[in-house]
Amino acid sequence: MATLWTGGKIYTMAQVGETVDAVLVEDGKIVATGSVESLSPLAASIQHLEGNIMYPGFVDSHLHIIGYGEKLKHLDVSAVTSKEALLVKLQERMAEASAHEWVIAIGLNENQFEEPIFPTLAELDALGDAHLIIKRSCHHLILANSKALAFAGITNRTPSPEGGVIDKVDGQLTGILKDAALYLIVNQMPHITPAYIEDALTKAVTSLQSYGLVGGHSEDLSYYGPPSQPIQAYRKIVEAQQSFKVHLLQHHTVFEEVAKMDLASSPFLAFGAMKIFIDGAFGGRTAALRQPYCDDPDNAGMLIHTTEQLASYVQLARQYGQTVAVHAIGDLAIDTILDVFCGISSSGRSA
């Protein structure tokens with residue numbers, strides 16, 4: 001039973017500014033566009049747009065879909081504009097939490113503060129007894145209280161992992177973890193269960209669809225236990241629902257494991273490129289630059305991998321006939337990965 005949509009401005013997106021008078025939809029799919037006169041004989045019913053605008057469904061090219069669902073599940077602090085207001089909001093949630101629980105706040109942007117500074121570790125510890133994690137809006141930096149740090153075995157003597165920073169001042173932890181260091185906590189939290197992942201994914205897809213999205217390119221397979229857990233959630237939620245399409249990138253740390261699963265793509269779930277992070281982000285001052293940050297003259301950011309490591313990852317992707325997708329923010333990061341691509345190409349291997 002086909003339905004004709006008309007009575008508004010309908011953009012096809014096939015050409016810049018192109019519009020049509022009517023769209024014919026059958027079984028949830030657009031089967032024709034054109035004039036009301038030509039399409040109305042094919043329609044069993046008519047839906048009037050009442051002057052509103054219609055677009056094709058949007059596909060987001062860079063998402064972390066399960067992570068977005070986590071934001072919907074937890075404490076959203078993206079609108080907080082001062083450190084004091086942040087502490088008040090955290091205190092309210094911490095007062096409700098038991099000692100074994102995890103309180104997670106997401107979306108912190110200290111650049112919205114009049115004085116862009118983070119809470120100290122002592123200030124975080126004073127909020128309560130629960131484990132506390134605050135994720136910066138860039139997701140390349142977190143703040144953790146002492147209980148969360150202890151959960152991961154992080155002490156004043158713990159060295160920064162490769163590709164990450166355990167921030168310290170005069171040898172003392174500040175609670176700030178950057179890039180690879182934050183995964184010492186985030187990837188190990190005990191509540192990351194299949195039920196938790198499925199709930200986050202369901203909330204994310206429902207929300208995204210409410211904004212007109214019908215699909216997204218996402219990278220989620222290395223943050224929620226073994227990659228089989230998020231994959232199973234996508235199979236259960238997205239493939240079963242059949243109303244939202246997902247293209248999954250594969251973090252280099254799980255790429256070969258996922259490749260060996262010999263997973264079949266479907267119309268609603270496809271497995272794509274290897275994802276490699278070359279550097280961090282500007283917000284956490286970890287984007288790799290050729291010159292130091294103007295407001296942090298002793299810091300030029302950092303490269304997460306050596307050139308040799310990057311070359312080995314790209315070659316691994318090629319072995320499986322796959323492309324690579326890179327996160328590269330700073331000018332040094334961009335130059336570095338381009339040099340890797342050019343080096344592999346000039347050596348006679350496909351880039």
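This one's a predicted model, so the numbers in the text were calculated from it and none came from an experiment. For this chain, numbers begin at 1 and follow the sequence in order.
Within 6.0 Å of CG in Asp129 there are 12 or fewer heavy atoms belonging to other residues, nucleotides or ligands. Sparse packing is recorded around NZ of Lys9, with 12 or fewer heavy atoms of other residues, nucleotides or ligands lying under 6.0 Å away. Atom NZ of Lys245 is surrounded by 12 or fewer heavy atoms from other residues, nucleotides or ligands within 6.0 Å.
The only option from Leu121, Leu124, Thr155 that meets the side-chain contact (heavy atoms from CB on, under 4.5 Å) definition with Leu149 turns out to be Leu121. For the side-chain contact (heavy atoms from CB on, under 4.5 Å) criterion with Leu177, the lone passing option out of Val186, Leu184, Leu182 is Leu182. The residue from Ile134, Leu127, Leu132, Leu90 that alone fulfils the side-chain contact (heavy atoms from CB on, under 4.5 Å) condition with Asn145 is Leu132.
Ile278 is not listed as a side-chain neighbour of Ile304, based on a closest heavy-atom distance of 4.5 Å or more. A 4.5 Å side-chain heavy-atom check between Leu173 and Ile166 finds at least one atom pair inside the cut-off.
A salt bridge links Arg136 with Glu110: the closest approach of a Lys/Arg side-chain nitrogen to an acidic carboxylate oxygen falls below 4.0 angstrom. Using a cutoff of 4.0 Å between basic side-chain nitrogens and carboxylate oxygens, Lys236 and Glu198 are scored as salt-bridged. Comment: Asp125 does not engage Lys147 in a salt bridge, judged by the lack of any side-chain N to carboxylate O separation of less than 4.0 angstrom.
Using a 4.5 Å cut-off between side-chain heavy atoms of Ile, Leu, Val, Met, Phe, Trp and Tyr, with links allowed through other members, Ile337 and Ile329 fall into different hydrophobic clusters. Under a hydrophobic-cluster definition in which Ile, Leu, Val, Met, Phe, Trp and Tyr are linked whenever side-chain heavy atoms come within less than 4.5 Å, directly or via other members, Val31 and Leu39 are assigned to the same cluster.
Under the 6.0 Å cut-off for aromatic ring centres, Tyr183 and Tyr223 qualify, their centroids lying closer than that.
Stacking of Lys275 on the aromatic ring of Phe277 is recorded, both the 6.0 Å distance cut-off and the 45° axial limit being met.
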Let me see the working for His131 and His100 under ring-ring contact (aromatic ring centres under 6.0 Å, His included), right down to the final yes or no.
-> CA-CA 7 Å; His131 305 79; His100 72 275; 8.5 Å; no

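The two residues Glu92 and Glu96 make their nearest non-hydrogen contact at O-CG, 3.5 Å.
In this structure, the separation between NE2 on His251 and NE2 on His327 is 10.5 Å, given to the nearest 0.5 Å. Taking CG of Leu332 as the reference point, atom CG of Leu289 lies at 7.5 Å (rounded to 0.5 Å). Here the straight-line distance linking atom NE2 of His247 with atom OG of Ser265 works out to 8.5 Å at 0.5 Å rounding. One distance of note links CZ of Phe255 with OH of Tyr313; it measures 13.0 Å at 0.5 Å rounding. We find the OG-CG distance between Ser82 and Leu87 to be 8.5 Å, quoted to the nearest 0.5 Å. In this structure, the separation between CD1 on Ile104 and NE2 on His74 is 4.0 Å, given to the nearest 0.5 Å.
A side-chain donor from one of Thr174 and Asp167 sits under 3.5 Å from a side-chain acceptor of the other.
His191 and Trp102 have tilted rings, their planes meeting at an angle from 30° to 60° on a 0 to 90° scale.
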